[in-house]
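See structure below.
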Amino acid sequence: MFSRTARALGDTVFSKSKRKPGSLLGSANSYASEATFETKPYKLHKLENGPSTSVTVTKEDALKFFRQMQTIRRLETSAGNLYKEKIIRGFCHLYSGQEACAVGMRAAMRPQDSIISAYRVHGWTYLMGVPVLGVLAELTGRKSGCARGKGGSMHMYTKNFYGGNGIVGAQVPLGVGVAFAAKYQGIDAVCFALYGDGAANQGQIFEVYNMAKLWNIPCIFVCENNGYGMGTSAERASASTNYYTRGDYVPGIWVDGMDVLAVREAAKFAVAHCSEGKGPMVLETVTYRYSGHSMSDPGTSYRTRDEIQTVRQTRDPISSFKEKILSANLVTADELKSIENEIKKEVDEATGLAKKDQEIPMDELAADVCVQFLEPEVRNILPWSPVKHKRLGPAVNAK
């Protein structure tokens with residue numbers, strides 16, 4: 001009944017609601033309002049109990065998660081094409097294959113929670129409230145972008161989303177600072193600080209593991225282990241690839257990062273842990289990226305095309321989730337097809353607008369550098385031709 005892909009991600013247990021007794025799937029017209037699935041077992045570090053491997057999803061959430069993952073996938077496909085057309089310049093790091101990590105964590109976040117990451121964040125920018133046009137226009141350096149085109153691929157921001165940071169691993173101490181601010185102000189909020197397996201060996205990350213545990217700061221360290229750094233496999237770069245154990249006294253959880261429901265469950269567990277005053281936690285989401293490290297990396301010199309194709313066929317986060325919710329009679333194929341068509345139209349239209357949009361004028365380059373300027377002018381390239389400061393306010397594309 002189940003494909004190899006579905007079995008690899010865990011056996012499915014269907015809810016008893018709205019299905020015929022004695023029938024696993026029910027009739028063609030009998031659809032469940034929710035379904036329960038078994039995830040791969042979590043690996044735990046310094047924890048007696050972990051997240052439940054039995055996860056339930058409603059039809060509403062299933063459609064939402066599918067829409068979000070599919071939107072990120074198509075958005076990244078468009079970004080890759082725009083880069084090849086030389087409309088996106090500079091750096092561009094794609095997230096295709098890792099969608100379940102972002103969507104699962106976003107589902108566990110509360111309105112007051114924050115997230116900070118490195119530069120593979122086009123999808124996160126969209127999930128945190130910036131429309132597709134705001135993302136693509138930022139990538140093309142146009143005024144409709146979430147940072148008015150001044151940040152580009154590596155520096156995107158909106159409410160409770162602190163970027164997109166270009167320095168490898170440097171976002172992690174900043175995330176601890178964001179979480180410390182919440183604790184200092186007495187706010188029940190956590191900060192997800194994301195980094196990759198390549199950045200996991202940076203010394204500053206170990207420094208803030210210690211500080212966060214010492215002061216019980218509500219920070220969730222998330223190592224998105226996609227198997228490769230810049231041209232180097234995790235095994236070649238790390239003596240220990242058990243990234244969830246690297247916090248020493250900081251508890252850790254290993255989770256299948258290709259299963260959106262498993263990531264959601266682990267992230268919810270981590271949020272509850274931090275909110276109870278128990279201090280930080282490390283999550284390792286084991287995932288995979290289909291593209292190279294960046295657009296300058298073909299991604300095939302240190303791994304085979306067969307490996308990439310095998311992951312696409314057996315572990316893809318979108319197709320495996322699609323198969324699970326269809327098999328559970330939670331959604332219909334027509335519903336998913338309709339969503340796919342809507343997303344294609346939205347992204348295609350946004351891509352066209354991002355190409356035609358205008359760049360900001362030169363006199364806006366110094367706008368919104370900080371909240372309150374003590375001086376009315378900013379030093380330019382030459383000291384005798386300063387730039388006047390403007391304040392435009394919040395990003396125009398944030399929902």
Side-chain angles (χ1 to χ4, degrees), residues 61-107 117 119-149 151-158 161 164 260 287-292 294-295 312 316-322 325 331 333-359 395-399:
D61 281 346
L63 290 173
K64 177 182 177 182
F65 299 158
F66 179 79
R67 179 182 291 275
Q68 289 176 329
M69 289 194 291
Q70 190 70 29
T71 300
I72 295 172
R73 179 68 60 86
R74 186 162 283 277
L75 188 159
E76 294 292 58
T77 299
S78 177
N81 291 335
L82 287 169
Y83 191 94
K84 291 169 186 174
E85 294 174 40
K86 297 185 178 180
I87 297 172
I88 293 176
R89 308 303 291 264
F91 294 97
C92 186
H93 302 78
L94 304 182
Y95 202 69
S96 300
Q98 301 183 211
E99 295 89 353
C101 297
V103 173
M105 281 182 270
R106 184 69 180 99
S117 186
Y119 31 72
R120 206 179 301 279
V121 289
H122 310 153
W124 265 110
T125 310
Y126 152 73
L127 290 177
M128 292 303 291
V130 174
V132 172
L133 174 60
V135 177
L136 290 174
E138 187 61 36
L139 290 172
T140 57
R142 312 302 168 92
K143 65 181 183 181
S144 295
C146 58
R148 301 283 287 171
S153 176
M154 301 180 79
H155 303 97
M156 294 181 169
Y157 308 92
T158 190
F161 175 53
V260 64
T287 182
Y288 197 86
R289 58 168 167 79
Y290 295 145
S291 302
S294 67
M295 295 300 291
R312 282 187 180 273
D316 183 79
I318 300 176
S319 59
S320 59
F321 183 66
K322 178 179 180 179
I325 59 180
V331 300
D334 287 343
E335 286 174 314
L336 298 185
K337 186 63 178 177
S338 176
I339 289 174
E340 289 172 347
N341 290 336
E342 290 171 12
I343 292 168
K344 182 181 184 304
K345 181 181 178 183
E346 179 186 8
V347 175
D348 287 351
E349 289 178 354
T351 302
L353 290 171
K355 287 181 177 181
K356 298 175 184 177
D357 199 16
Q358 299 295 311
E359 296 179 358
V396 292
N397 287 294
K399 288 182 180 177

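Nothing fancy with the numbering, it's 1 onward along the sequence.
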If you measure from CD on E340 to OG1 on T71, what distance do you get to the nearest 0.5 Å? 10.5 Å
Please list all pairs passing the salt bridge (charged side-chain N to carboxylate O under 4.0 Å, His left out) test where one or both residues lie in residues 344-354, with sequence neighbours left out. K344-D348
Which residue pairs pass the salt bridge (charged side-chain N to carboxylate O under 4.0 Å, His left out) test when at least one of the two sits in residues 63-73, sequence neighbours left out? R67-E342, R73-E99, R73-D316
Working for side chain to side chain contact (heavy atoms under 4.5 Å, CB included), residues T140 and L82: CA-CA 8 Å; T140 57; L82 287 169; 4.1 Å; yes
Taking all non-hydrogen atoms of both residues into account, name the closest pair between Y95 and C101 and its distance. OH-CB, 3.6 Å
With rounding to the nearest 0.5 Å, note down the distance linking OH in Y83 to CD in E76. 14.0 Å
Using atom types as modelled and distance alone, determine if a side-chain donor or acceptor of Q98 lies under 3.5 Å from a backbone N or O of T287. no
Starting at OG1 of T158, measure out to CG of L127 and round the result to the nearest 0.5 Å. 12.0 Å
Heavy-atom check, side chain of V331 versus side chain of K322, under 4.5 Å: no
Will you find, in the side chains of S153 and H122, an N or O donor that is under 3.5 Å from an N or O acceptor? yes
Test of understanding: with side chain to side chain donor-acceptor pair (under 3.5 Å), list the residues that count as partners of R106, not counting sequence neighbours. none
Residues at least two apart in sequence or cross-chain that pass side-chain contact (heavy atoms from CB on, under 4.5 Å) with E359, listed by chain then number, are R142
I'd like to check W124 versus M156 (side-chain heavy atoms, cut-off strictly below 4.5 Å). Are they in contact? no
Identify the heavy atoms of C146 and T125 that sit nearest to each other, and give their distance. SG-CG2, 4.1 Å
Please name the pair of heavy atoms, one in A100 and one in P317, separated by the smallest distance, quoted to 0.1 Å. CB-CB, 3.7 Å
Salt bridge (charged side-chain N to carboxylate O under 4.0 Å, His left out) contacts in which one or both residues fall within residues 77-98, not counting sequence neighbours: E85-K355
Could you check if a side-chain atom of I325 sits within less than 4.5 angstrom of a side-chain atom of F65, using non-hydrogen atoms only? no
Please examine the side chains of L63 and L336, heavy atoms only from C-beta on, and report whether any two atoms are closer than 4.5 Å. yes
Rounded to the nearest 0.5 Å, what separation is found between the CD atom of Q68 and the CD1 atom of I339? 10.5 Å
Looking at OG of S291 and NE2 of H93, how far apart are the two atoms once the value is rounded to the nearest 0.5 Å? 11.0 Å
Roughly how far, to the nearest 0.5 Å, is the OH atom of Y119 from the CZ atom of F91? 9.0 Å
Test of understanding: with side chain to side chain donor-acceptor pair (under 3.5 Å), list the residues that count as partners of T351, not counting sequence neighbours. S78
Closest approach of L136 to A79 (non-hydrogen atoms, all atoms of both residues): CD2-N, 4.5 Å
